[in-house]
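Read the structure below first, then the notes.
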Amino acid sequence: MNETTHDVTAVRQAKLAALRSEGQDPFSAHCEQSHSSQEAKHVFEQDPETLLTVSVAGRITAFRLMGKAAFINILDRDGTLQAYVSADGLGQEAYATFKKLDIGDILGLTGTLFKTQAGEITLKAQAYTLVAKSLRQLPEKWHGLSDSEHIYRQRYLDLIVNQDSRKRFQLRSRILQEIRRFLWDRSFTEVEGPVFQSIPGGAAARPFETHMHALNCNFYLRISLELYLKRMLVGGFDRVFEMGRVFRNEGLSRRHNPEFTMIELYQAYTDYRGMMRLVYDLLQHLCTQVLGSTQVHRPDGLAIELGGTWREISYKQAILEATADSQWFSRSPQEKLEACKKLGIQVDPKLQDHEITHNVFEKCIEPTLIQPTFVTHIPKELCPLAKLNPQDPSVLDVFELCINGQEIAPAYSEQNDPFIQKTMFAAQVGEDIQNMDQDFITALEYGMPPAGGMGIGIDRLCILLTGAANIRDVILFPSLRPVGGGGES
RNA sequence: GGGUUGGUAGCUCAACGGCAGAGCAGUGGCCUUUUAAGCCAUAGGUUGUGGGUUCGAAUCCCUCCCAACCCA
């Protein structure tokens, strides 16, 4: 190398050019992978005597060169494998070329397995193929990447060098897999509703708007999965679920990303009580199948126990306890606002009566619900899609499952009376009658079976189960402002 | 939207008004059981951006950009 040795990219491009001039393809398409790193270790442990030839492939993450031999670490989908590469094994000529490889290059390696003096299962290389020359320098091996912006913008680097991150996203995939398996085992059908909706229903949230040229009209991105899954109930799919992305054009925070993943499921001929059992069983399934434990730990070390019996409390009871006021629900809005001040929470005085109470729930109660808690029977004003409780028609036959100070899963006895549903919608949309999903009412008029329904925030569930501190730690590519501050102000 | 903190070599971090440094990575050597390999040598900087104060600015002040945390 010459005067440009300080520029790593230039050095590597020179190496690339040298390989090409020798007639080698630095991006060879051919590479055999008979075993992953962990599979290779496993077969060796099963039978250390037989000299089995294996082919592994992956990225060089460490290069320890010692004259006529070198140890390298190869990173692949399930971990790392050490390889021992020597002039003896490869031949003088191939070894001379091998020595010029870099950390970051992707290789295929073929050889036999052995155990080093230090006891590590290692591949003794007989041949290698360079399949991708890396032209850029990887982040440091020991500290990895720690700059959060860098981690989110170039997640691929985070995944290469930060093993915690790699494991967390593998765990997320396992969680999704086991949720599906759990529901498939209970005869649920997975379906897919529309992302573009002319009336974004099923929740109260500010939607994203977009224009569809083919139909020359505006659509919203869905904010919930609910109304189309209920149409599936009408259509006779009496156990359905959808797991997918929903979009809410609201704030970003430690707990919110504008696009996030939800699962919603609907089971006919049951109710919110059935959903309680289902979500409990689901969490037990995830604990045993994915975590191997019913206990999870937050970043601050606090333990959350997901086994055993979960606490259940009614919304009203929770409010009475939090406010220490047995007459709370007969107080005037002014009295409630005064009480909120004493509780130390800021509440917008323009809010309606039930919204003031709900502020108490969100700010004083929900954050304290660390261990799993079913909060049942929320006031009817908070949701238009659930059935009223027959004994107390001011509340709904619903629960919100709270864990880790967050709402993880709301579930309802679903409203299937088209007259009540229409009244509830009308109260919600007020004058904006065109914002009512009339086709949904029509569907209910054909008859929807009684059903229990539930939504689970997958990202929050992953935060809980992986012990993550931030929603961005469980979303591969979280929403960020484009580099250079693109877009309007 | 408000407040706080941060942005320095490829990465992780020092320097906090007076010559911009270290470790790893890189480059050139030595080294056939290492594993944050080791030893010797060596290159690498428009200190996020634009302005200001100053004899002198990475450092102090202001604008803007990006991010994190807290609050709304």
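The structure displayed is predicted, hence computed values, not measured ones. Side chains are part of it too, since the values below use all heavy atoms of this structure and drop only hydrogens, waters and symmetry mates. Just so it is clear: chains get the letters A, B, ... in the order the sequence lines come, proteins before strands, and each one is counted from 1.
- In this structure, A/F63 atom CZ and B/rG26 atom P are separated by 9 Å, rounded to whole Å.
- Interface residues of residues 106-121 of chain A facing RNA chain B, ordered by number: A/F114, A/T116, A/Q117, A/A118, A/E120; criterion, heavy-atom separation under 4.0 Å.
- The distance between atom CZ of A/R64 and atom C1' of B/rC30, rounded to the nearest whole Å, is 18 Å.
- Applying the salt bridge (charged side-chain N to carboxylate O under 4.0 Å, His left out) rule to A/E338 yields the partners A/K341; only residues at least two apart in sequence or on another chain are considered.
- Every side-chain contact (heavy atoms from CB on, under 4.5 Å) that A/E381 has, sequence neighbours left out, goes to A/H354, A/P379.
- No donor-acceptor contact under 3.5 angstrom links the side chains of A/Y95 and A/E93, judged on distance only.
- Annotation: cation-pi geometry not satisfied between A/K133 and A/F27 (NZ/CZ under 6.0 angstrom from ring centroid, within 45° of ring axis).
- Every residue was checked against the salt bridge (charged side-chain N to carboxylate O under 4.0 Å, His left out) condition with A/E209, not counting sequence neighbours, and none meets it.
- Every residue meeting the side-chain hydrogen bond (donor to acceptor under 3.5 Å, both in side chains) condition with A/T110, not counting sequence neighbours, appears here in chain and number order: A/S55.
- As rounded to the nearest Å, B/rG21 and B/rG26 have P atoms that lie 23 Å from one another.
- RNA chain B lies under 4.0 Å from at least one heavy atom of each of the following residues of residues 84-100 of chain A: A/Y84, A/D88.
- Remark: P of B/rG26 and CG of A/L16 are 17 Å apart, rounded to the nearest angstrom.
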5' to 3', nucleotides 67-72 of chain B under a 4.0 Å protein heavy-atom cut-off (B base, S sugar-phosphate only, - none) gives SSSS-S

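- Distances shorter than 4.0 Å separate none of the side-chain N or O atoms of A/K141 from OP1 or OP2 on B/rU35.
- A donor and an acceptor atom sit less than 3.5 Å apart, one in the side chain of A/Q137 and one in the base of B/rA25.
- Distances shorter than 4.0 Å separate some side-chain N or O of A/H150 from OP1 or OP2 on B/rC11.
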Please report, to 0.1 Å, the donor-acceptor pairs under 3.5 Å made by any side chain of residues 62-72 of chain A, with sequence neighbours excluded.
unit_1	atom_1	unit_2	atom_2	d
A/R64	NH2	A/N73	OD1	3.2
A/R64	NH2	A/Q82	OE1	2.7

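- Remark: A/E45 engages no residue in a salt bridge (charged side-chain N to carboxylate O under 4.0 Å, His left out) (not counting sequence neighbours).
- If you measure from atom CD1 of A/I103 to atom P of B/rU35, you get 15 Å, rounded to the nearest angstrom.
- Separating the P atom of B/rC60 from that of B/rG45 is a span of 25 Å, rounded to the nearest Å.
- Atom pair A/L145:CG and B/rG7:C1' shows a separation of 15 Å (rounding to whole Å applied).
- Only the P atoms considered, B/rC65 is 40 Å distant from B/rU27, to the nearest whole Å.
- Under the side-chain hydrogen bond (donor to acceptor under 3.5 Å, both in side chains) criterion, A/W310 pairs with no residue, sequence neighbours left out.
- One P atom belongs to B/rU59, the other to B/rG51, and the distance between them is 14 Å to the nearest Å.
- To the nearest whole angstrom, the two P atoms, one in B/rC69 and one in B/rG38, are 35 Å apart.
- Nearest nucleotide to the side chain of A/P139, out of B/rU32, B/rC11, B/rU27: B/rC11.
- Using a cut-off of 4.0 Å between Lys/Arg side-chain N and Asp/Glu carboxylate O, A/E242 and A/R222 are scored as salt-bridged.
- Nucleotide B/rG21 forms a Watson-Crick or G-U wobble pair with B/rC13, both donor-acceptor distances falling under 3.5 Å.
- Evaluation of the side-chain hydrogen bond (donor to acceptor under 3.5 Å, both in side chains) rule for A/R59 yields no partner, not counting sequence neighbours.
- Rounded to whole Å, the separation between the C1' atoms of B/rA57 and B/rG50 comes to 15 Å.
- Taking the side-chain hydrogen bond (donor to acceptor under 3.5 Å, both in side chains) definition, one finds that A/K336 meets it with A/D353, sequence neighbours left out.
- Taking atom NE2 of A/H143 as the reference point, atom C1' of B/rA14 lies 13 Å away to the nearest angstrom.
- Nearer the 5' end of RNA chain B, as judged by each residue's closest nucleotide, is the contact made by A/G144, out of A/G144 and A/K68.
- Atom NE2 in A/H256 sits about 16 Å away from atom C1' in B/rG1, given to the nearest Å.
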